[in-house]
Number of protein chains: 2
Amino acid sequence: MPATIRDVARLAGVSPSTVSRALSMPEMVNAATRARVAAAVEQLGYQPNRAARGLITGRTGNIGLVVPDLANPFFAGVAKGVQARARRYDVAVFVADTDEDASAEVGLVRALSKQVDGLILCSPRASDSDLSAIAQDTNVVLVNRTAEGVPGVTYDNEEGMQQAVAHLVALGHRRIGWVGGPVTSWSTQHRSIGLSNALHDHGAELARVGSFAPTYEGGMAAADQAVATGATAVVTYNDLVAIGLLARLHARGISVPGDISVVGVDDIAMSRMARPALTTVRLPKQEAGRIAVELLLAVLDDPEADTATGGTLHGELIVRDSTGPAPRPHDRPNERARPSE
Amino acid sequence: MPATIRDVARLAGVSPSTVSRALSMPEMVNAATRARVAAAVEQLGYQPNRAARGLITGRTGNIGLVVPDLANPFFAGVAKGVQARARRYDVAVFVADTDEDASAEVGLVRALSKQVDGLILCSPRASDSDLSAIAQDTNVVLVNRTAEGVPGVTYDNEEGMQQAVAHLVALGHRRIGWVGGPVTSWSTQHRSIGLSNALHDHGAELARVGSFAPTYEGGMAAADQAVATGATAVVTYNDLVAIGLLARLHARGISVPGDISVVGVDDIAMSRMARPALTTVRLPKQEAGRIAVELLLAVLDDPEADTATGGTLHGELIVRDSTGPAPRPHDRPNERARPSE
DNA sequence: CTTGAGTCTGCAATCGATTGCAGTCGGATG
DNA sequence: CATCCGACTGCAATCGATTGCAGACTCAAG
């Protein structure tokens, strides 16, 4: 029913080949004919059939995006960026959600890889070896993770932690807790190291609280342990955890930032609506998605061009109400009162 | 490079036609041959080229999902449902985000429609006439909206409002405020009507507060006006608005639910993390996505089958901490003290 | 006038899978 | 033994666009 290239050719009085060339290599066809073709295209509302083109060019014009959980605002942000940038290049985006299931991930990727020109894997749960295997026969760009020889866009976690620590130290905090995410997570490792280094640089002390699920519940679970460390400030794996922590702290009657300061990472929408509004390291999520698309498209255009490792994005500390001056020792609710100096 | 149907045929010692049939109409081929084909397919890891198949069948095996904003947890939930159910049918999902731009929507839909077998339009901003035009030459399923002759899945807003009102009336509220969303929104109209009817049935009074953006900011803007109506409880267009309202109320020192009760709609993740945790009408978001896929696939299989209007989903009142007994009159901060009865 | 270069344009093959039609074969029936 | 039927299987056309190759044509130079 829709117009084919033959219809356009007939209307313009040329051959299909000419129509094809007029559209994809305009400089090869005479200006006059080109105009006639353009008119015919316009009149018929012709749009080339992608399947037919794909058959011969071997390109589908589609890319895939795989995320652990679309309902997680972080990944939704990345997806938004990917999607917006892809549209600019007239590339369609398949979105697949693995439901946080690492084992499903590899299978899903394999199935999807046949239908697309390349894949963007967002915070993949897969093992390094699986990842390398996938990258072998598919064009892949990683987000939030690195792997040998695979391009990717990541955040400079070390720098983000530096900013958070500088802020906290300026407020007088000297002992700072760290609530980590899943141990296997690339980000948790880098954030942990970054925090540790930053604290060392500032001569402050690190209190590791342990690893928790990167969720609201994880934060609630971490809260009591964080308090028990005696830290006057806590940095969490991400905002969701920080918000859970805030809730539990409130339930226990511990004041934020009066008794303890809290810093998250991500800056999801929820964070500025939290009570108190959360101080956090904002990660440019959409930007990551956009860059991932650029990276992927570059690889597709020239598979040889080693785009090296890819891009590194920088976080930005957003100071809100969950951080404040460190309490003087006798203000601290979780320590025995000591004589004030 | 990847195996073609011919490779499989050669390995199995049959013709390509047989391979094709063995895969898509198994009962037409001899069990023994079928087994040989299956073995060859397995050995080569053969997956039919979708473009080639699409060329001849006229089907792409893809569907499109258009949402106003992927970062909005409501739409992310729907997208998750769509995506999960589509995978079960081996259908890929293109996701497109219009960035809340109604004018971009129509163009986007037109472009996308050529690449998919059908579209799921989530809370479309387009006008009724544009929508009908689109549905003319594309298979469309609507979510959160109805249109003449177009299948869709919607929520029973009236019933949801009934539940909310029954809850509030039982708590003693007799004058209830309504903070509406965008006036053009289908949901806002139906929720408003539902609320009005429910209140009438219970002999309670409706205090319309006006229309606000369906956002946190909208809720903050609505708060003061809601208080001024003298209502002891407020129902908002959605949870985001309710949370904004909560924030402004807190800033003004008005206690929830002590002075005023608040009810939202949606039950996004944020709602149970709000302070106080938000009482809300939970809308099954993923379910809506799943049903939309079923509906669309049914239409594709049999374009004639009038699937009527489609499905209606039911909300569920989730009672949390933002609703409580209506304050006795003299407790009300925003009215002149009156002699107690 | 011939030749050559250069510019366009058309022919026809091709991508990979599907499907209507026809052919093969074995076995049952008259 | 001749026919016929049913169950499978293969041939070849087809979907719509792209592209290598060759033909047509113009124009300038020899």
Side-chain angles (χ1 to χ4, degrees), chain A residues 1-41 44-62 90 92 111 113-117 300-301, chain B residues 1-41 44-62 90-92 113-117 300-301:
Chain A
M1 200 62 187
T4 75
I5 200 170
R6 246 178 290 271
D7 300 326
V8 176
R10 204 173 312 126
L11 184 59
V14 297
S15 79
S17 335
T18 302
V19 175
S20 173
R21 277 186 281 251
L23 294 177
S24 47
M25 9 175 102
E27 72 289 353
M28 272 194 65
V29 8
N30 185 294
T33 16
R34 198 191 312 154
R36 286 215 313 286
V37 170
V41 164
L44 296 173
Y46 169 73
Q47 285 190 246
N49 179 318
R50 294 200 159 211
R53 168 182 293 171
L55 200 49
I56 188 127
T57 61
R59 286 271 205 109
T60 63
N62 305 329
D90 199 29
S113 67
K114 308 294 177 187
Q115 309 179 42
V116 300
D117 298 333
L300 295 182
D301 276 349
Chain B
M1 200 60 186
T4 75
I5 200 171
R6 247 178 287 273
D7 299 326
V8 176
R10 204 173 309 126
L11 183 59
V14 297
S15 78
S17 333
T18 303
V19 175
S20 174
R21 278 187 280 252
L23 295 177
S24 46
M25 7 175 105
E27 72 288 353
M28 274 193 62
V29 6
N30 186 293
T33 348
R34 199 191 312 153
R36 287 217 312 287
V37 170
V41 164
L44 297 173
Y46 169 73
Q47 285 189 247
N49 179 317
R50 293 199 158 213
R53 167 183 293 171
L55 200 49
I56 188 127
T57 61
R59 287 270 207 110
T60 62
N62 305 330
D90 199 29
V91 165
S113 68
K114 309 293 177 187
Q115 309 180 42
V116 299
D117 299 332
L300 295 183
D301 275 348

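We name chains A, B, ... by the order of the sequence lines, and we start the count at 1 in each one.
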Original post:
Is Arg50(A) side chain donor-acceptor paired with the dG16(D) base, going by distance under 3.5 Å alone?
Top reply: no
Original post:
Can we say Arg50(B) and Asp117(B) salt-bridge, meaning some charged N sits less than 4.0 Å from an Asp/Glu carboxylate O?
Top reply: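 The answer is no: the pair does not qualify as a salt bridge.
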Subject >> Side-chain N,O (Ser20(B)) to OP1/OP2 (dA17(C)) below 4.0 Å >> reply: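 Looking at the OP1 and OP2 atoms of dA17(C), neither is under 4.0 Å from any side-chain N or O of Ser20(B).
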**OP:** Ignoring backbone atoms, test whether Thr33(A) places a side-chain nitrogen or oxygen under 4.0 Å from the OP1 or OP2 oxygen of dT9(C).
**Re:**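 Thr33(A) to dT9(C) OP1/OP2: side-chain N or O found under 4.0 Å.
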Would you mind reading off the distance between [X] atom [atom1] and [N] atom [atom2], rounded to a whole angstrom?
| X | N | atom1 | atom2 | answer |
| --- | --- | --- | --- | --- |
| Leu55(A) | dC15(C) | CG | P | 9 Å |
| Asn49(B) | dA17(C) | CG | P | 6 Å |
| Ile5(A) | dT19(D) | CD1 | C1' | 11 Å |
| Ile56(B) | dA17(D) | CD1 | C1' | 15 Å |
| Arg6(B) | dC11(D) | CZ | P | 12 Å |
| Lys114(A) | dG16(C) | NZ | P | 13 Å |
| Arg59(B) | dT19(C) | CZ | P | 11 Å |
| Asn30(B) | dT9(D) | CG | P | 5 Å |

Original post:
Mapping Tyr46(B) and Arg21(B) to their closest nucleotides on DNA chain C, which lands nearer the 5' end?
Top reply: Tyr46(B)
Original post:
If you find the nucleotide of DNA chain D closest to Ala52(B) and the one closest to Val14(B), which residue's nucleotide is nearer the 5' end?
Top reply: Val14(B)
For a 4.5 angstrom cut-off between non-hydrogen side-chain atoms, does [X] reach [Y]?
| X | Y | value |
| --- | --- | --- |
| Asn49(A) | Lys114(B) | no |
| Asp7(B) | Tyr46(B) | no |
| Asn62(A) | Gln115(B) | yes |

Any base atoms under 4.0 Å from [X], or only sugar-phosphate, or nothing? Heavy atoms, all strands.
| X | answer |
| --- | --- |
| Val19(B) | nothing |
| Ser17(B) | base |
| Ser24(A) | nothing |

**OP:** Give a yes or no on whether the backbone of Val14(A) and the side-chain of Thr18(A) come within a donor-acceptor separation of less than 3.5 Å.
**Re:**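 No, Thr18(A) side chain to Val14(A) backbone: no donor-acceptor pair under 3.5 Å.
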Out of [options], which nucleotide sits closest to the side chain of [X]?
| X | options | answer |
| --- | --- | --- |
| Met28(B) | dG10(D), dC15(D), dT9(D) | dT9(D) |
| Thr4(A) | dT9(D), dA17(D), dA17(C) | dA17(D) |
| Thr18(B) | dA17(D), dT19(D), dT9(D) | dT9(D) |

